[in-house]
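Reading through the structure tokens given below for one structure.
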Amino acid sequence: MSTVHKKTDAYQHASGGWGSVKAVAGALMHEGAPVTTSRVLVHQNKTDGFMCVSCSWAKPAHSHPFEFCESGAKATAWDMTSRRVDPEFFAGHTLSELETWHDHDLEEAGRLCAPMRWDAATDKYVETTWEHAFGEIGRELRALDPDSVVFYTSGRASLETSYMYQLFARMYGTNNLPDSSNMCHESTSVGLTEAIGVGVGTITLDDFKATDLMFFFGQNVGTNSPRMLHDLQEARERGVPIITFNPLREPGLVSFVNPQSPAQMVKPGETQISTQYHQVRAGGDSAAIAGICKAVIEADDQAKAEGRERIVDVAFIDEHTTGFDAFADYVRATGWEEIEQMSGLPRAALIEAADEYMRAKAVIAHYGMGLTQHRMGVQNVRMIVNLLLLRGNIGKPGAGPSPIRGHSNVQGQRTVGITEKPKLAPLDKLAEQYRFEPPRETGMSTVDACKGVIDGRVRAVMQLGGNLVRSVPDRYAIEPAWRKLRLTVNVATKLNRSHLVHGEVSYLLPCLSRIEIDVRGGKRQAVAMEDSTGCMHGSRGVALPASDRLLSEQAIVAGIAMATLDQSSVDWQAWSDDYALVRDAIAETYPDIFHDFNARLWTPGGFHRPLAARERKWKTKSGKAEFAVPESLNEDPDMPERSSSDLRLFTLRSDSQFNTTIYRHDDRFRGISGTRMVVLMNPVDIARHGLDPGMSVSLEAVSPDGVKRQVDGFTVVSYDVPVGCAAGYYPECNPLIPLSHHAKESKVPAAKSVPVRVVREPEMQQG
Ligand SMILES: Nc1nc2c(c(=O)[nH]1)N[C@H]1C(S)=C(S)[C@@H](COP(=O)(O)OP(=O)(O)OC[C@H]3O[C@@H](n4cnc5c(=O)[nH]c(N)nc54)[C@H](O)[C@@H]3O)O[C@H]1N2
Ligand SMILES: Nc1nc2c(c(=O)[nH]1)N[C@H]1C(S)=C(S)[C@@H](COP(=O)(O)OP(=O)(O)OC[C@H]3O[C@@H](n4cnc5c(=O)[nH]c(N)nc54)[C@H](O)[C@@H]3O)O[C@H]1N2
Ligand SMILES: [Mo]
């Protein structure tokens, strides 16, 4: 049986504090470059420095002396490691052997150093030249049907790289431009666009100063966007309540000690973060929000009947919205019994939240993967909007929806055209600017691309960052299918599983990290990104590159474009030698957002993109903000009746990982160390299944298609999870998720509600 060191009291301390300082120091020491790395950290998220490679939280105009957090420092240390995966490393290992390594060990082996080509005779990656790599990739791509090629982007690439990449893919002939947001906030892009006419959040950092209530739905701020804790702490010090909905009591959402506040560090004064904490059932958020809205509407009905001041914002609703009456009728008609059953929360708890909501004049609703990664993920987003619209909480200071994005430039990539959906890209403008006919058919999303790899329609996959064979669902079907591809090209900083599961022709192309100094055309280059609040920032690397054979992502995209396209009106060479020219091109395509891009690149605090919804202009079908009646409060209405022993598994990140990158096998905040192969269960369910904590179990998916999906060697951990739910780690649990189990409209894999059964492993395996 694997060892699980779980403190019985989980993590009793606030997040941040000395634990965080110790973790940062540990990460720097471990990666072997403590002095230079700590110097580098001073430049993190500063106006003239580099944008952190971790999350996408906003960067203030007046920065703290150390504008980084534990997670960001770990991510920086990870990139700045002194270890190298150079051609000598690859000479010592076949890919079949490397496949036996753990994911953590692959990445920990160090930074990739030189362009490599897979050699079939020796089953090894062998060093090649950039020229040869571009030449062969170009020849391969020219021989393929563009619709059989997929160009994936993980969310780190800069605005400049992303713009070049989408333009290249479209000039080549395809809209197959899936990206990480297809697995992440696509439910937001779809839901918010339908509801308020913009696919992104509408708040800025200034709104934190004007708000008087914040909601937190399914986002784990202490681990995944810790710099935001400063903003939350300041709001809490002003007395702003925070109401959290999360199946787990996440320490970072409970309380916080600011490691950069000497006063808090010396006399441990924690800031309580959440003033109400509701442990909603996984997938129960639509029901919980329906309950809050029901309480608001009922209070409003009463106020109206008694001739008192109305509770809903009647003037706003009349002038700015459609669909209010139908929505109000729906919540009136929905019984508390159904709401309680679906949300797992008592009526009193939802009324407590509603009372606070009705007292507040300006409300922000933050949310994350706990809301978007569900079959009803888009509906969840629409329910957030319904809640906000009731009291006019969009388009005024201190109020609005706040989807907290993941990767550091995932939002920006969409802004500059990385999308499989032609209607989201300015195709007419691109046609005119570059004198070519862009493809008009819808391309493949990430889920579609995976289906295409499985059914053979896809012949080549290029990944600009990312680790698809690990991050997507249905790993046991994905990996064998991936090996049948004709061409795989990976642009990456570190070795991962997707580089080992390769096609007949396979290239591994190492790129600079954003932290590193990038000199092209004799000049030190800068790049730009967009944060979660729609703000654009410049970023300039400060560290020496890991190897002299690395190229920037811009240069790699340009190199492949030149080798692939017969002719092109773009001077790719000039663009790859001077990124300011790319910014000019972006400004020409998107003048509203990016006019004077180069001049505004270093604006302290960044420059904002205009957002119509902030001005209460609604670019929706009706021209108004739209209420939506939910289809069902059940988290998966299409799923046939399930047995009462099934659990609803939600997959999580620990504080020691960045997506598929596993720094350590520990989860400090949740008190789990030494392994990630655990399933967190409520003691009631443990007993009901005849199990004991510490027991070794298998997890079996309850799959509608009859395919067996199972993972073994998991240890039962007793944890404060709602009855009927269970939690496990991403990506270890990904083999359990059927590819078809995704949000209905947005196709985001429903990683937060996977029906599973827990099965005791045979006694002999119990060891
Ligand atoms: N250190 C670090 N930072 C990261 C990342 C990382 O891996 N490591 N990843 C980055 C990326 S790409 C992203 S998208 C973000 C992700 O950041 P988050 O959006 O925080 O995503 P998760 O950690 O997957 O889980 C979110 C929370 O949702 C809760 N939850 C699960 N199911 C439900 C539900 O049904 N309802 C509700 N209300 N809550 C639920 C979980 O308990 C968990 O606390 O973080 C980014 N930042
Ligand atoms: N079960 C489950 N599955 C999930 C999720 C979940 O919560 N549960 N979350 C989903 C989410 S929100 C996301 S965003 C996806 C993420 O999925 P992906 O985008 O596929 O994966 P990452 O782990 O972010 O990618 C890590 C790799 O990117 C490369 N890399 C790092 N930095 C750079 C760089 O600067 N440039 C380049 N070119 N490469 C770089 C490194 O080689 C590293 O190994 O996973 C999704 N999958
Ligand atoms: Mo993400």
Side-chain angles (χ1 to χ4, degrees), residues 53-57 69-72 74-75 78-79 103 106-107 112 152-158 161 179-185 216-226 244-250 252-253 278 280-285 288 367-374 380 403-408 410 446 463-473 490-499 509-515 553 556 635 648 650-661 663 721 725 727-734 736-737 748-749 751-754:
V53 293
S54 188
C55 80
S56 56
W57 187 241
C69 65
E70 178 182 337
S71 299
K74 280 186 196 160
W78 195 249
D79 272 10
D103 286 3
L106 291 174
E107 281 220 24
L112 298 166
Y152 174 76
T153 326
S154 186
R156 248 185 225 193
S158 64
T161 306
D179 73 338
S180 58
S181 67
N182 289 149
M183 297 184 266
C184 191
H185 266 293
F216 249 94
F217 288 94
Q219 204 273 344
N220 188 11
V221 57
T223 299
N224 296 330
S225 50
T244 294
F245 287 82
N246 195 309
L248 300 183
R249 283 186 70 80
E250 302 282 25
L253 283 162
H278 303 293
V280 65
R281 254 158 55 105
D285 298 271
Y367 66 91
M369 297 300 101
L371 224 68
T372 60
Q373 294 178 331
H374 284 288
N380 287 340
I404 300 174
R405 298 277 164 166
H407 266 299
S408 47
V410 63
T446 301
Q463 291 191 56
L464 186 62
N467 185 5
L468 285 177
V469 306
R470 271 293 191 262
S471 57
V472 301
N490 287 285
V491 180
T493 48
K494 289 214 167 175
L495 188 59
N496 68 40
R497 180 79 32 188
S498 297
H499 310 154
L509 306 178
C511 65
L512 287 171
S513 151
R514 187 152 81 230
I515 301 165
E553 292 179 324
I556 295 172
E635 106 288 358
R648 197 180 290 180
F650 55 100
T651 56
L652 293 170
R653 294 164 163 78
S654 79
D655 79 310
S656 301
Q657 80 184 86
F658 193 92
N659 296 343
T660 66
T661 297
Y663 304 129
V721 192
C725 300
Y729 289 113
Y730 147 57
E732 286 78 357
C733 291
N734 284 34
L736 294 170
I737 313 175
V748 171
K752 297 292 189 269
S753 55
V754 188

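Atoms within each ligand, like the ligands themselves, are counted from 1 in listed order.
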Worksheet item: Looking only at heavy atoms of Cys511, does any of them come nearer than 4.0 Å to an atom of ligand 2?
Response: yes
Item to complete: From atom 17 (O) of ligand 2, work out which of Gly370, Ser513, Ser471 has a heavy atom at the shortest distance.
Response: Ser471
Worksheet entry | Shortest protein contact, atom 14 (S) of ligand 2 (heavy atom only) | Ser180 CB, 3.7 Å
Worksheet item: atom 44 (O) of ligand 1: which of His278, Glu635, Arg405, Glu250 has the nearest heavy atom?
Response: Glu250
Item to complete: State, to 0.1 Å, how close Asn496 and Leu106 come at their nearest heavy-atom pair, and which atoms those are.
Response: C-CD1, 4.1 Å
Worksheet item: How close does the nearest protein non-hydrogen atom get to atom 24 (O) of ligand 2, and which residue and atom is it?
Response: His407 NE2, 2.8 Å
Practice prompt. Give the single entry among Met183, Arg653, Met369 that approaches atom 7 (O) of ligand 2 most closely by any heavy atom.
Written response: Arg653
Worksheet item: Hey, which atoms in ligand 1 end up nearer than 4.0 Å to a heavy atom of Ala282?
Response: 34 (C), 35 (O)
Item to complete: Record the part of Leu652 in heavy-atom contact with ligand 2 below 4.0 Å; permitted values are side chain, backbone, both and neither.
Response: neither
Practice prompt. Could you say whether the N/O atoms of Gln657 and ligand 1 ever approach to under 3.5 Å?
Written response: yes
Fill in: Option nearest atom 45 (O) of ligand 1 (shortest heavy-atom distance, choices Asn224, Val410, Asp655)
Asn224
Discussion item. Side chain or backbone, does Leu512 bring an N or O within less than 3.5 Å of an N or O on ligand 2?
Written reply: no
Worksheet entry | Side chains of Leu248 and Val721 in contact at under 4.5 Å (non-hydrogen atoms) | yes
Worksheet item: Relative to the heavy atoms of Thr223, which atoms of ligand 1 are at a distance of less than 4.0 Å?
Response: 1 (N), 2 (C), 3 (N)
Discussion item. Looking at every heavy atom in both Gly465 and Ser154, which two are closest together, and how far apart are they?
Written reply: C-CB, 3.5 Å
Item to complete: With atom 4 (C) of ligand 1 as the reference point, say which of Phe658, Phe650, Trp57, Phe245 has the nearest heavy atom.
Response: Phe658
Worksheet item: What residue and heavy atom of the protein are closest to atom 40 (C) of ligand 1, and at what distance?
Response: Pro247 CD, 3.2 Å
Practice prompt. Just need the protein heavy atom nearest to atom 42 (O) of ligand 2, so name the residue and atom and give the distance.
Written response: Lys494 O, 2.8 Å
Worksheet item: What atoms of ligand 1 come closer than 4.0 angstrom to any heavy atom of Gly368?
Response: 19 (O)
Item to complete: Using a strict cut-off of 4.0 Å, indicate which atoms of ligand 1 neighbour a heavy atom of His374.
Response: 34 (C), 35 (O)
Discussion item. How close do Cys184 and Thr372 get, counting heavy atoms only, and between which atoms?
Written reply: O-OG1, 2.9 Å
Item to complete: Report the nearest protein non-hydrogen atom to atom 23 (O) of ligand 2: residue, atom name, distance rounded to 0.1 Å.
Response: Thr660 OG1, 2.6 Å
Practice prompt. Record the part of Glu553 in heavy-atom contact with ligand 2 below 4.0 Å; permitted values are side chain, backbone, both and neither.
Written response: side chain
Item to complete: If you have a sec, work out which protein heavy atom is nearest atom 15 (C) of ligand 1 and how many Å separate them, to one decimal?
Response: Gly406 CA, 3.7 Å
Worksheet entry | Audit row: Thr660, Arg497, side-chain hydrogen bond (donor to acceptor under 3.5 Å, both in side chains) steps and yes/no | CA-CA 9 Å; Thr660 66; Arg497 180 79 32 188; over 6 Å; no
Discussion item. Taking a cutoff of less than 4.0 Å between a non-hydrogen atom of the residue and any ligand atom, is Ser225 in contact with ligand 1?
Written reply: no
Worksheet item: How close do Asn467 and Ser498 get, heavy atom to heavy atom, and via which atoms?
Response: OD1-OG, 2.6 Å
Worksheet entry | For atom 36 (N) of ligand 1, the protein heavy atom that lies nearest, with its residue and separation | Asp285 OD2, 2.6 Å
Worksheet item: Can you tell me which residue and heavy atom of the protein come closest to atom 18 (P) of ligand 2, and the distance to 0.1 Å?
Response: Tyr152 OH, 3.4 Å
Response to the item:
among protein heavy atoms, the one nearest atom 28 (O) of ligand 2 is Gly466 N, 3.1 Å
Practice prompt. Output the list of atoms in ligand 1 that are nearer than 4.0 Å to some heavy atom of Gly283, sorted by atom number.
Written response: 34 (C), 35 (O)
Worksheet entry | Phe650 CZ to Glu635 CD distance, which is reported to the nearest 0.5 Å | 12.5 Å
Discussion item. Under the criterion side-chain contact (heavy atoms from CB on, under 4.5 Å), I'd like the reasoning laid out for Ser56 against His407: C-alpha separation, chi angles, the key distance, then a yes or no.
Written reply: CA-CA 6 Å; Ser56 56; His407 266 299; over 6 Å; no
Item to complete: Could you tell me the residue and atom name of the protein heavy atom closest to atom 8 (N) of ligand 2, and the distance to it rounded to 0.1 Å?
Response: Thr651 OG1, 2.9 Å
Worksheet item: Relative to ligand 2, is Ala751 under 4.0 angstrom through side chain, backbone, both or neither, heavy atoms considered?
Response: side chain
Worksheet entry | Heavy-atom nearest neighbour in the protein, as seen from atom 16 (C) of ligand 2, with distance rounded to 0.1 Å | Tyr730 OH, 3.5 Å
Discussion item. Check Asp79 with Arg514, please: is the shortest side-chain N to carboxylate O separation under 4.0 Å?
Written reply: no
Worksheet item: Heavy-atom distance to atom 30 (N) of ligand 2: which of Thr493, Leu468, Asp103, Asn659 wins?
Response: Thr493
Item to complete: Report the part of Leu371 (side chain from C-beta onward, or backbone N, CA, C, O) that has a heavy atom under 4.0 Å from ligand 1; answer both or neither where that applies.
Response: neither
Worksheet item: Of all the atoms in ligand 1, which lie at a distance below 4.0 Å from a heavy atom belonging to Lys752?
Response: 24 (O), 25 (O), 31 (C), 32 (N)
Item to complete: Report yes or no: does a heavy atom of Arg470 sit under 4.0 Å from some atom of ligand 2?
Response: no
Worksheet item: Do the ring planes of Phe217 and Phe245 sit parallel (below 30°), tilted (30 to 60°) or perpendicular (above 60°)?
Response: parallel
Discussion item. Minimum distance, heavy atoms only, to atom 43 (C) of ligand 2: which one of Arg156, Glu107, Gln373 is it?
Written reply: Glu107
Item to complete: Under 4.0 Å from a heavy atom of Cys184: give me the atoms of ligand 1 that qualify, with their elements.
Response: 14 (S)
Worksheet entry | Test of proximity, Gly218 against ligand 1: N or O pairs below 3.5 Å | yes
Item to complete: Could you tell me whether ligand 1 has any atom less than 4.0 Å away from a heavy atom of Lys74?
Response: no
